[in-house]
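The block underneath contains the structure these notes are about, expressed in C-alpha cells.
Just so we're on the same page: letters track the sequence lines, and every chain starts at 1.
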2 protein chains.
Amino acid sequence: MARHAGVSITTVSHSLNGKGVVAKATRQRVIEVAAELGYSADAIARGLRSNRLGLLGLVIRPLDTLGSYQPEGVDYFLRFAGAAAVEALDCGYGLVLMRDPTAGNAPGIALAADGFIISDPLAGDPVIDLLTRNAIPLVAVGRDVERPDFTAWLGGGTLRNVDSVIAHLSERGAQRIALVTGTDENSWNADSENSYREWAAENNQTPIVYNQDERLGEEGGREIAEELLASDASLPDAIYCLTGRHAAGIQAGLQAAGYRIPEDVMIVAGSDSEQTRNSAPPITSVDLAPEATAKAAVAYLVALLEADEDNQPLPPEIAYELRERASTQRG
Amino acid sequence: MARHAGVSITTVSHSLNGKGVVAKATRQRVIEVAAELGYSADAIARGLRSNRLGLLGLVIRPLDTLGSYQPEGVDYFLRFAGAAAVEALDCGYGLVLMRDPTAGNAPGIALAADGFIISDPLAGDPVIDLLTRNAIPLVAVGRDVERPDFTAWLGGGTLRNVDSVIAHLSERGAQRIALVTGTDENSWNADSENSYREWAAENNQTPIVYNQDERLGEEGGREIAEELLASDASLPDAIYCLTGRHAAGIQAGLQAAGYRIPEDVMIVAGSDSEQTRNSAPPITSVDLAPEATAKAAVAYLVALLEADEDNQPLPPEIAYELRERASTQRG
DNA sequence: CTAGCTGACCAAAACGTTTTGGGGGAGATA
DNA sequence: TATCTCCCCCAAAACGTTTTGGTCAGCTAG
C-alpha cells in the first residue's frame, strides 16, 4: 500500500486516520489509492497495537445455568441477542455471543473483546471477577446482588413490575396474591421476592412464596400447582409467576384440578413468552422489552468504552409494559 | 509469564501449544505456572501471527435487502443466527452477525474473520466477490445463481420442497396450483420458480406465477390476492407462496373477498413464521429447519477451515418437513 | 581424542499496524 | 550568509505471539 502511494507506512496511517500532519494533497492521494486497492488497515494488527478489536462479548447467564441455548418457546434471549448484535453494528462493533467464559471451553477470542454485556449476573458472579481481573469493561443487565459497589448495570425498573402487577391484580379483585420465582441467584429473582415481601408486610398479608428451578419449565409449574393444591392453606386467588413457562404449567395444573382461570385464580407472568401468548387462556405478562433493553445496554457499554475518564455515562432506564390478557380478565 | 516460569518466551509458547521439543518436567512447570497466573496467549497477537482469530462472520442477505433486521414475526433468521452462534462456540469459534460488508459501514473486524457464512446470496453477490478477493473462505446457504462454479453451499434440498408441496396439494385435490415468489435474486426464489415451471410443462398446466417484493410483507400478499381476483383467468384452487407473510396476506385478501380457505383455495407457505402459525386458519408450511441448517453450515465451514488441502469436506444435506395445518385440510 | 548426534533450550525475525521522536528542506528573519 | 521556524515526511519502536534457525552441553561411536 505504502509503495503504491509512494509514501511511507507512517504517512499512510496518518492519512487514513486523520492524525499527524500530512499535506492535503498527499492525504487525498493516499485515500484515493487505498480506495482503488480496496485497502483498509488490518483489524488484527490494529487491535494488537491499540488493544481495541472492535468486538463486544455477550454472556447470557440464565442460559448458562439453563444448560440450553434454545429453550423451547422462550424468545426473550434470542430477541435480546439479535437486537444487541444489530445495535453493536450500528455503533461500529461486532458482537459475539459467548457461554460462561470461566468454564474453560470459551473461544480463544473471549478475552480479546473490548467490553462485555452480562445478562442477569449471578450472586458474586465469577464472570465479573474474570473480566475485572483482566481489566475488561462490562455492563450488566440486572445487578449482582452480592456486589453493591458495582453500579454499571441497567434494568432496575424490573423492581417496579412487582408493584404494578400487584396493583393490576388488586384492581381486578385479588385478595391473596402468591409469588413464584426461579432459583437462579440473580437480582430478578431476589429483588422481586424482596419487593413482594415488603408489600406483604406493609399490607398485613401472609406472604406466599414458591421458588422453582427454571430448568423444569412447564413441568416445574405443574409441580407448584400440586403443592398449592396440597397445601393446608386455601388456594391464593392470584399468582404472580416470574417465568412464563412456570406460569403456563401452573395454569395447566390448576385447570386439570378443575379450577377456572381467571374466575377462580388469576395468573400473571413476569416475562412474556410463546407459552404465555398461546396458552388457553393467554396469560397476562410483563413485556420485558428485550430489544429496547439490548439496545440500551450496547449503547451504554459503547459510551463507557469511548468516554473520557472524567465524564462517565450513567445507566439508562428501561420502561416495561404489562400485556393484559385473558388470564386476568374478570367480569 | 516467561519470567515467572524462568524460561524463555519460546519455551512458554512451545510448552503451552505442545510444539517443539521441551523436557517433560519443564513443560509441566510452565503449564502449572500459567494456570496459577491465569495466563493464556493473547488472541489478538496470536491472530496477527497466524492469521487466525477464531472468529466466523455471518451475513444474512435477505435482511440486508429487507432493510430491517427484525422483521415482524419472521423468526427464521433469528433462530438461524442463534443456532449458528451456539454451534460456532461448540467448535471453539466466536460468531459475529454482520450487515453487507461491501456497504462501507461494516465494523473494522469484518475482514478479520477466519471464514464467512452467507445466507441466501444474491445473483453475482458482491459479498462473495469481496471475500474471494480477500481470500476468506466462505460457505453459502443457497447458491449464487450466477456463479455455477461456486460449490461450497448447502440447502439444495429446498428444490425438492416444490415437488413435495405440489404433491401434497394434488393429493388434496388441487387442479390449478399457482406460485408466488419474492423478488430477491436468490436461488430460493429462482430455483423454486424453475422447478414449478418444469412441473407445469411436464403436466400440461399453464403456469401461474407472481413475483412480489419481500419487503411488502402481508400487504404485498393482499395485493397479490387482488391481482388474482382481478385476473380474467379463474382463481387457482391452490397457492404455493414462498414467504409466510405473503401467504398470510393472500389468505386474508381472499377471505375478505368471500372465499373460504381451504374449501375454495388451499394455501401453503414455503417458510414457517409466526404469521403462518397464528393466522385463521393456520397455514400449512415448510419447516426450513433453521437450527439444523445453521448447525450444518457452521460445521461445514469449520471443516473447510481446518481441512487439509487435499481432502476437502462436502456440503451436508438438510431435510425439510411439511407442517400440515388447516389451510390444506380438506374434507 | 575427535567428530557427530541428540536433547533441551533460546534469540531473533516476522506478522501489520500506531505512535514517538526526530530529520530535512524551504522560506523568513537577522 | 547564518540561524530560526514551519511544514512534511519518515525510520524505528512497540504491541505479544509463533516459528525458524540456531547454540550448547553431554553422549556415543569411530
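- Judged by closest nucleotide on DNA chain D, B:A45 is the one of B:K19 and B:A45 placed further toward the 5' end.
- Residue-environment remark: CZ (B:R215) stays at or below the threshold of 12 foreign heavy atoms within 6.0 Å.
- Heavy-atom neighbours of A:E185 CD from other residues, nucleotides or ligands within 6.0 Å: at or below the threshold of 12.
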Could you please spell out the steps behind the side chain to side chain contact (heavy atoms under 4.5 Å, CB included) verdict for B:M1 and B:V30? CA-CA 9 Å; B:M1 171 63 208; B:V30 171; 4.0 Å; yes
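- Terminal axes of the helix from C:dC1-D:dG30 to C:dA30-D:dT1 (five pairs each, C1' rotation axis) are separated by 70°, to the nearest 10°.
- Residue contacts for B:I9: at a heavy-atom cut-off of 4.0 Å it reaches a base atom on one of the strands shown.
- Screening residues 119-132 of chain B for salt bridge (charged side-chain N to carboxylate O under 4.0 Å, His left out), with sequence neighbours left out, gives B:R61-B:D125, B:D129-B:R147.
- In this structure, B:R29 atom CZ and C:dA8 atom P are separated by 14 Å, rounded to whole Å.
- Heavy atoms from other residues, nucleotides or ligands lying under 6.0 Å from CG of B:N51 number 12 at most.
- Counting non-hydrogen atoms under 4.0 angstrom, B:V21 reaches a base of the nucleic acid.
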Any chance you could lay out the side chain to side chain contact (heavy atoms under 4.5 Å, CB included) test for B:Y93 and B:V298, step after step, and finish with the verdict? CA-CA 10 Å; B:Y93 289 78; B:V298 170; over 6 Å; no
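- Counting non-hydrogen atoms under 4.0 angstrom, A:N51 reaches nothing in the nucleic acid.
- The number of heavy-atom neighbours closer than 6.0 Å to CG of A:L305, taken from other residues, nucleotides and ligands shown, is above 12.
- Taking 3.5 Å as the limit, the base of C:dA8 and the side chain of B:T11 contain no donor-acceptor pair of atoms between them.
- Taking 4.0 Å as the cut-off between side-chain N and carboxylate O, B:R79 and A:D75 do not count as a salt-bridged pair.
- A:S13 comes within 4.0 angstrom of a base, heavy atoms only.
- Two residues, B:L48 and A:V12, neighbour DNA chain C, and the one matched to the more 5' nucleotide by heavy-atom proximity is B:L48.
- Residue-level contact check: A:R46 touches the backbone only, with heavy atoms under 4.0 Å from sugar-phosphate atoms and none from bases.
- Backbone-only contact: A:V7 has heavy atoms under 4.0 Å from sugar-phosphate atoms and none from a base.
- Within a 6.0 Å radius of CG in B:L304, more than 12 heavy atoms belonging to other residues, nucleotides or ligands are found.
- Mapping heavy-atom proximity under 4.0 Å, the span of DNA chain D touched by chain B runs 5' to 3' from D:dG16 to D:dT20.
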